[in-house]
Amino acid sequence: MHLQLADVRKSFGDNSVLRGVSFDVGPGEVVALVGENGAGKSTLTRVISGAHQPDSGRLLIDGTPTVLKDPQAAMAQGIEVIYQEFQQNLFPHLSVAENMYVLDRERVFGRLFVSKQRMAAEAARALRRLGMEIDVQRQVGELSVAERQMLEIAKAMTHELRLIILDEPTAALDEQESEQLFAQVNRLREAGVSVIYISHRLDEVFALSDRVVVLRDGRVTLDAPTGQLTPARVVTAMVGDAVDDFYPKERNARDEVVLEVRNGNGARFHDIDLQVRAGEVVGIGGVVGCGRSDLLRALFGLQPLTGSVRVGGSAVRVASVEDAIGSRIAYLSPDRQAEGLCMGQSVEANVSLASLRELSTGGGVVSRGKERAATGAVISDLRVRAASPSIAVSSLSGGNQQKALFAKWVMTRPRVLLMDEPTRGVDVGAKTEIYRIINQLTADGVAVLLVSSDLPELVAMSDRVVVMREGRFVAELTGDGLDEQSILKHALVGAA
Amino acid sequence: MTSKLKTVAGRLRAVWMLLLVGVVLSVTSPVFLTPTNLLNVALATSVAALLAAGQTYVIILAEIDLSVGSALGFSAVVTALTLGPYGLVPALAAGLATGAAIGLINGLLVTRTRMPSFIATLATMSVFAGLTLHITSGNPIPVTDYDFQGIGQARFAGVPVPVWIMLVAFGVFGFVLARTRFGRYVYATGDNVEAARLSGIRVHRVKILAFVISGVLASLAGFIITARLSTAQPTAGAGLELDAIAAVIIGGTSLAGGRGTLLGTLVGALVLGVIDNGMNLLDVSPFLQDVVKGLVILLAVFLDRNVDVLRRLLPRRAPETPARTPELAQHI
């Protein structure tokens with residue numbers, strides 16, 4: 001499909017989100033659409049998929065001005081969107097095959113009664129064609145995130161697909177799964193399908209796309225073939241002014257050991273010996289499932305742990321979350337929606353939630369004055385941008401939600417902070433701010449354990465990195481020996 | 001001050017409903033707005049309102065307590081049976097302990113067995129309704145203790161005691177919900193139980209305590225009914241759980257959890273009470289009264305879900321939510 005956008009504008013009330021967006025996507029072309037949260041990418045996606053009508057401007061499909069009055073009209077043109085929260089388009093209790101043909105507009109598999117055998121056979125054939133190995137009889141609820149995403153793409157391809165929009169498709173995938181996805185995108189390109197690829201990860205953008213379109217404040221600030229660009233130029237177009245120091249790492253490690261684990265064993269990690277000093281960031285490298293996340297969860301009392309744990313020299317029990325918080329250990333969950341924030345509650349209530357004991361009287365009455373002062377200080381310190389502390393945290397952008405989650409744990413004045421994917425789904429500007437928060441914490445002597453699938457981030461923000469494979473530490477990298485290649489090498493194949 | 005009132009009315013749509021029904025009734029019935037009648041409304045509302053207060057805690061936690069009517073009946077019978085031989089104070093203590101115990105059982109079932117509260121409390125509702133009938137062989141138990149009867153029949157400063165009990169209970173439990181750590185934990189746990197647990201909140205305890213509060217308030221409501229009738233009726237609470245849930249929902253509490261206030265519930269209970277009263281004043285057939293109640297619940301929830309419809313009907317006001325900044329744009 002050749003899709004052209006000409007001066008597309010869209011406002012919501014007084015807020016103009018798209019202020020004249022024009023660009024083209026050719027057949028078989030992969031266009032990376034990048035921009036900070038709030039730049040207008042989601043709204044643009046909805047305009048292309050028929051969910052929103054532009055206020056003005058035109059949409060041309062193969063040269064013909066077209067009005068997509070609703071998502072069905074867009075689908076009829078062969079336009080499909082795979083949204084960031086992709087699970088919502090699948091039915092967890094139905095099988096893979098049933099999910100693929102849930103619409104079956106042409107009644108291929110029967111009018112009133114559906115032939116499940118034929119459906120399963122056809123689904124298996126379709127998946128094989130795409131090089132995917134998923135058992136079509138399995139319930140979708142049992143599939144991994146990566147498998148579900150593959151299924152979404154396969155489902156989109158069951159009818160004529162001419163343009164696909166992938167919104168942050170690798171946000172929840174590990175390296176190998178991402179590789180599979182990239183292979184799929186390349187297949188789509190070869191099949192002549194146009195792809196709009198939305199991502200915060202510049203390495204992917206450069207590896208995959210033919211052209212990069214940058215949105216900022218509802219306008220296109222850069223539109224050029226990927227080959228002619230550098231990451232720095234893209235980032236500049238995104239944030240407006242040159243960001244020379246994307247990873248503002250400060251080295252704050254002191255001698256005093258704050259966290260010490262000896263002979264730590266759990267369900268999915270073994271013989272862990274670890275020391276983290278005050279102000280030090282120790283990164284944990286490894287593929288998803290190597291036990292790195294389990295180790296963090298166990299240290300926070302969420303999984304069983306045997307062995308000795310010391311905080312600030314004294315032995316502590318971490319049999320429960322209360323134990324861990326009592327020992328001044330904090331844990332930043334990788335899934336802020338499911339485990340991090342109470343989305344319907346106010347920013348203030350979320351930030352104070354883990355510290356209410358200190359903010360209330362002996363009788364358990366929360367002191368509003370104290371709460372307001374304490375949360376207000378942390379909120380402004382961490383630059384959580386909220387119109388007011390009393391608005392629901394769900395109305396903040398992803399980056400500010402993540403900062404609010406940090407604020408909750410900073411409030412508890414932790415000595416140890418366990419972070420799992422602290423910048424997942426967060427835009428470039430907010431990432432830099434989160435790195436500054438990490439610097440602030442280490443300057444105060446907090447010991448940090450950092451798990452991240454974002455390798456450049458892991459390398460840049462850690463003082464040293466231990467690599468885990470199959471539940472064991474297999475390498476420790478520091479100084480010049482610390483780079484992405486070495487982490488990957490140890491994570492995948494072990495010591496060379 | 002007026003602007004503050006406006007936001008309260010904006011958030012608490014049940015207030016509009018109460019005003020609307022009130023205005024209609026004041027016009028159509030000369031009796032409605034008399035102090036005597038209004039006190040009657042409050043008196044008649046007190047039982048359902050107490051049940052609804054406990055239910056509010058449970059529903060904010062995204063759970064439900066269907067057993068409150070049975071808990072009321074069972075603890076009323078226990079109270080009446082204790083009253084004769086042991087006297088007033090032991091009887092009240094026994095009644096409250098019974099309500100608390102039923103709440104504890106509900107709470108333990110929901111948290112330890114991970115049974116959905118709908119099912120767990122449906123079961124305990126049946127169990128305690130049956131036990132009540134078994135103990136009494138289905139016969140009412142007369143209560144002759146003069147002091148106890150005062151709980152339902154006496155007045156203080158011209159206002160019936162049940163109304164005082166209702167107001168004090170709403171004051172106390174409203175304060176607990178809005179201003180204490182426990183109240184915060186209720187909202188957080190109801191909003192996102194995992195996030196609450198990972199913030200160090202003992203979410204099981206919070207849930208158990210909420211069910212206990214619900215049980216205790218049910219026994220308090222049981223005192224009032226028993227004292228008013230001078231009899232413990234084994235079936236006194238039958239069906240009251242639905243009135244209680246209706247009051248909570250009309251009051252704007254979300255069944256999805258994390259949202260709601262006791263003030264809203266009080267207004268919701270009053271809406272139901274005023275409608276009951278109005279239909280009696282206007283001589284509407286008692287059979288039709290349930291139809292009207294059902295429609296009111298639908299209307300309340302409809303208005304709650306479709307604020308936009310309401311906005312278009314009402315004259316324009318300043319937006320309540322802060323202006324959308326570009327940062328928020330992605331959520332539009």
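First the proteins, then the strands, lettered A, B, ... as listed; each starts at 1.
Using a 4.5 Å cut-off on side-chain heavy atoms (C-beta onward), B/R259 and A/Q345 make no contact.
Of the listed residues (B/A195, B/A188, B/G200), the greatest number of heavy-atom pairs within a distance under 4.5 Å of chain A belongs to B/A195. Counting heavy-atom pairs under 4.5 Å between each of B/V193, B/T180, B/V176, B/L198 and chain A puts B/L198 at the top. Each of A/E322, A/R368, A/R336 has some count of heavy-atom pairs under 4.5 Å with chain B, and the biggest count is that of A/E322. Most heavy-atom pairs under 4.5 Å with chain B: of the set A/A324, A/A354, A/C342, A/A338, this distinction falls to A/C342.
Pairing each heavy atom of B/R181 with each of A/V366, the nearest pair is N-CG2, 3.5 Å. Residues A/K408 and B/S199 share a closest heavy-atom pair of NZ-OG, 2.7 Å. Looking at every heavy atom in both residues, A/L356 comes nearest to B/Y185 through CD1-CE2, 3.7 Å. Nearest approach of B/R197 to A/V321, heavy atoms of both residues: O-CG1, 3.5 Å.
Other residues, nucleotides and ligands place more than 12 heavy atoms under 6.0 Å from the CZ atom of B/F175.
Distance check: B/R179 CZ to A/S367 OG gives 8.5 Å after rounding to the nearest 0.5 Å. Interatomic distance, CG of B/D191 versus CG of A/L341, reported as 9.5 Å (0.5 Å rounding).
Residues A/E371 and B/R184 are paired through a salt bridge, judged by an N-O separation under 4.0 Å between the basic side chain and the carboxylate.
Only the side chain of A/L302 comes within contact range of chain B, with at least one heavy atom under 4.5 Å from a heavy atom of that chain. For A/S352, the part lying under 4.5 angstrom from a heavy atom of chain B is the side chain only.
B/N192 contributes a side-chain N or O that, together with a main-chain N or O of A/Q337, makes up a donor-acceptor pair within less than 3.5 Å.
Residues of residues 325-335 of chain A that come within less than 4.5 angstrom of chain B, heavy atom to heavy atom, are A/I325, A/Y331, A/S333 in numerical order.
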